[in-house]
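Remarks on the structure that follows.
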Number of protein chains: 2
Amino acid sequence: MSEVPESKLNSLSIDCVIFGFEDAQIKLLLIQRELDPHRGSWSLPGGFIKMEEGIHAASERILKEMTGVDNLYLEQLGAFGEVDRYPLKRVVTIAYYALIKPGNYTLNPGPDASEARWFPLEECPPLPFDHPDILQSAINTLQWKVQHQPIGFNLLPEKFTLLQLQELYEAILQVKLDKPNFRRKFTRLDLLEPLDEYQKAVSHRAARLYRFDEAKYKELTETGFSLRELRLMGG
Amino acid sequence: MSEVPESKLNSLSIDCVIFGFEDAQIKLLLIQRELDPHRGSWSLPGGFIKMEEGIHAASERILKEMTGVDNLYLEQLGAFGEVDRYPLKRVVTIAYYALIKPGNYTLNPGPDASEARWFPLEECPPLPFDHPDILQSAINTLQWKVQHQPIGFNLLPEKFTLLQLQELYEAILQVKLDKPNFRRKFTRLDLLEPLDEYQKAVSHRAARLYRFDEAKYKELTETGFSLRELRLMGG
DNA sequence: ACAAAAGTGTTCATCCTACACCCATGC
DNA sequence: GCATGGGTGTAGGATGAACACTTTTGT
């Protein structure tokens, strides 16, 4: 057993799946690798864990290095540790997913990457290592979460219309939803606070803007809710 | 960075929360530590990951060392990696939980433990390190899982009565449930296969025995179901 | 006028809860 | 008979899906 002091845990990394929502599409933030293996290919941003930081703190640091922002919604997916997942040596990775509003931030590829870019989820390039598994796990988790906790708001601007909210759900769940029923579900949850503001300069009736109610948001995050048959709704 | 070959990943461990169901109680399998720190105290069984095994395989091995059995229900909870969670050095642990039928197996404490024993969850001794957090996470996950996948059957004998099933749910969810409604929920799921066998030598009407339908079990494990308001049922 | 999206209302089916009730067995 | 648990029935309410319909705004 090597007790040699090291600055980083060399067999344990972090990988982040970063979701955004823009133009009614779910997007994924990828970096272009500057190092071998798979130099030049697009992959999930990640890094190693420092000796003196917890794993959650490590994921926050990596995310901040990328986006310049902290206080994002960030949650662990789990550990991925097949023997051959990384070709050079044995590395287990702890995967996280984050939700972010793409427009708000300027990206910073960080030390090991030449570029960072948003990709629509449908146009995601082939990912190296076990990143496809990690991504799939993140998608599954997001799809479940969005039906049981009000986390979707981390992807929306502060003020939004009900249609935007519906499009978010449609993009995440990959279904078409029925507008009247969708509205009612959310108004009944009593989570949205209607504002006295409306859309402007739209070529149709202006929609009312809403924002989520802080207190109720917290409460529902703890107790959870069930939009149970959501995926069966509409045609 | 040390590239010294090692037989185990020295900064990465596995810990297992092992649940059982006996006497209408949820039980927890703990081992008594034979090594410092916390020598002599009861803790979650665990171990280190070998260089040539995946993390899931490692948890299966550790479980098999303990119980002599494989093919148990075993699922990852996630990684726990606060800096100070283990006092001697920096170790991140990957936590798993397992479901097992206590009566079926003879325990084997394994190399680092002097004894292995089942504890009713309510009488769980104080656990060292961050094991209380891990246990709480396992309980939360189990409570959720049991309402959305038919995993409860991993805790029951092959043939069981509906009351046993109900007691299992009551023990896991810590609620009292309404008998008629509980029965109907499960019969409607079409998951249980009624047998032409009944209880014997009971001082009341003998209950019919059921077992779960393999095909439907698999189907429901994939699609999931929702016993949604289960925790609100009954008084 | 028309297109496009904002909203409201209503019907029917399904599911849930609560609770009343009867059945079988051993003491 | 009575205690204990097995098992069925049912009324009333809540929720959801489907879809028809009206309103508002810009071109």
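Computed from a predicted structure; not experimentally measured.
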- Does a side-chain heavy-atom distance below 4.5 Å link A:I94 with B:V92? yes
- Can you tell which of C:dG7, C:dA6, D:dT8 lies closest to the side chain of A:R183? C:dG7
- Item | Length of the line joining A:K185:NZ and D:dT15:C1', which is rounded to integer Å | 9 Å
- Heavy-atom nearest nucleotide on DNA chain D taken for B:P180 and for A:R205; more 5' hit belongs to B:P180
- Item | Nearest-angstrom distance from the residue atom CG of A:D178 to P of C:dG9 | 16 Å
- Task: Check the distance between C:dA6's P and A:L165's CG and give it to me in whole angstrom.
- Result: 12 Å
- Tell me, do B:D196 and B:R208 make a side-chain contact under 4.5 Å, heavy atoms counted? yes
- Select one nucleotide: of D:dG6, C:dT8, C:dA18, the one nearest the side-chain heavy atoms of B:N181. C:dA18
- Query: With a 4.0 Å cut-off on heavy atoms, is B:L163 in touch with a base, just the backbone sugar-phosphate, or nothing at all?
  - Reply: sugar-phosphate
- Message: Under 4.0 Å, counting only non-hydrogen atoms across every strand here, what does B:R188 touch: a base, just sugar-phosphate, or nothing?
- Response: sugar-phosphate
- Atom-to-atom span, CZ of B:F182 to P of D:dG6 - whole angstrom: 12 Å
- Between B:W42 and B:F119, how do the two ring planes meet: parallel, tilted or perpendicular, split at 30° and 60°? perpendicular
- The answer to which of B:V202 and A:Y210 contacts DNA chain C further toward the 5' end, by nearest nucleotide, is A:Y210
- Query: Could you state the OH-P distance from B:Y198 to C:dT25, rounded to the nearest angstrom?
  - Reply: 10 Å
- Query: Between C:dC16 atom P and B:R184 atom CZ, what is the distance in whole Å?
  - Reply: 10 Å
- Item | For atom NZ of A:K179 and atom P of C:dA4, their distance in whole Å | 13 Å
- Working to the nearest 0.5 Å, report the span between CG of A:L168 and CG of A:L156. 5.0 Å
- Nearest-0.5 Å distance that lies between atom CD1 in B:I18 and atom CG in B:L44: 8.5 Å
- Task: Specify the separation, in whole Å, of atom CZ of B:F186 and atom P of C:dC16.
- Result: 12 Å
